[in-house]
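Okay, structure first, notes after.
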Amino acid sequence: MQHGNDAMLLVRAELCDRLETLSNLTRRLSPRDFTARVETIRTLAAAYGLTPVVRVAEALERAVAETSSDIRACPTALYLARLQDAIGCEKLDEKASQALLASVSVRLGA
């Protein structure tokens, strides 16, 4: 069982590294490149059953697509913060995913 926990810690660390790089490059990336990097995070998370990360990444990809002409119009910082939360989330079910997505909706409406 310890081996599985160690592997998940490594995956989460890798996701954190990718997210940090993405956060640092957000303003310099085209919408296409930004979305490609989000997709790599989503794909890695999906491979390890990190459903909340997958769902938030999907929502971010949709938000960027809706504002593809100007990525600055997308609240990327909000989504990236929720991705950070999702990476650390212990619960891996749809309820946890929906709670994270609801927190995005609440903040967007505020």
Residue that, paired with Val38, satisfies side chain to side chain contact (heavy atoms under 4.5 Å, CB included) out of Leu80, Leu22, Leu19
Leu22
Quick one: do Leu25 and Ile87 end up in the same hydrophobic cluster if we chain Ile, Leu, Val, Met, Phe, Trp and Tyr together by side-chain heavy atoms under 4.5 Å apart?
yes
Any sub-3.5 Å donor-acceptor pair from Asp33's side-chain atoms to Leu29's backbone N or O?
no
Which atoms form the tightest heavy-atom contact between Leu108 and Pro75, and what is the distance?
CD2-CG, 3.4 Å
Any donor-acceptor pair under 3.5 Å linking the side chain of Thr40 with the backbone of Arg37?
yes
All heavy atoms of Arg82 vs all of Leu100, minimum pair found to be CD-O, 3.9 Å
Where is the tightest heavy-atom contact between Ala45 and Val53, given as atom of each residue plus distance?
CB-CG1, 3.4 Å
Does Arg55 reach the side chain of Glu94, with side-chain heavy atoms less than 4.5 Å apart?
yes
Salt bridge flag under 4.0 Å for residues Glu14 and Arg18:
yes
Which heavy-atom pair separates Arg12 from Cys89 by the least distance, and what is that distance?
NH1-O, 3.1 Å
Keeping the roles fixed (side chain from Arg28, backbone from Asn24), state whether a donor-acceptor pair exists under 3.5 Å.
yes
With a 4.0 Å cut-off on N to O distance, would you call Arg42 and Glu61 a salt bridge?
yes
Taking side chain to side chain contact (heavy atoms under 4.5 Å, CB included) as the test, write out the residues that go with Ala73, two or more places apart.
Thr67, Asp70
Heavy-atom side-chain proximity of Phe34 to Thr76 below 4.5 angstrom
yes
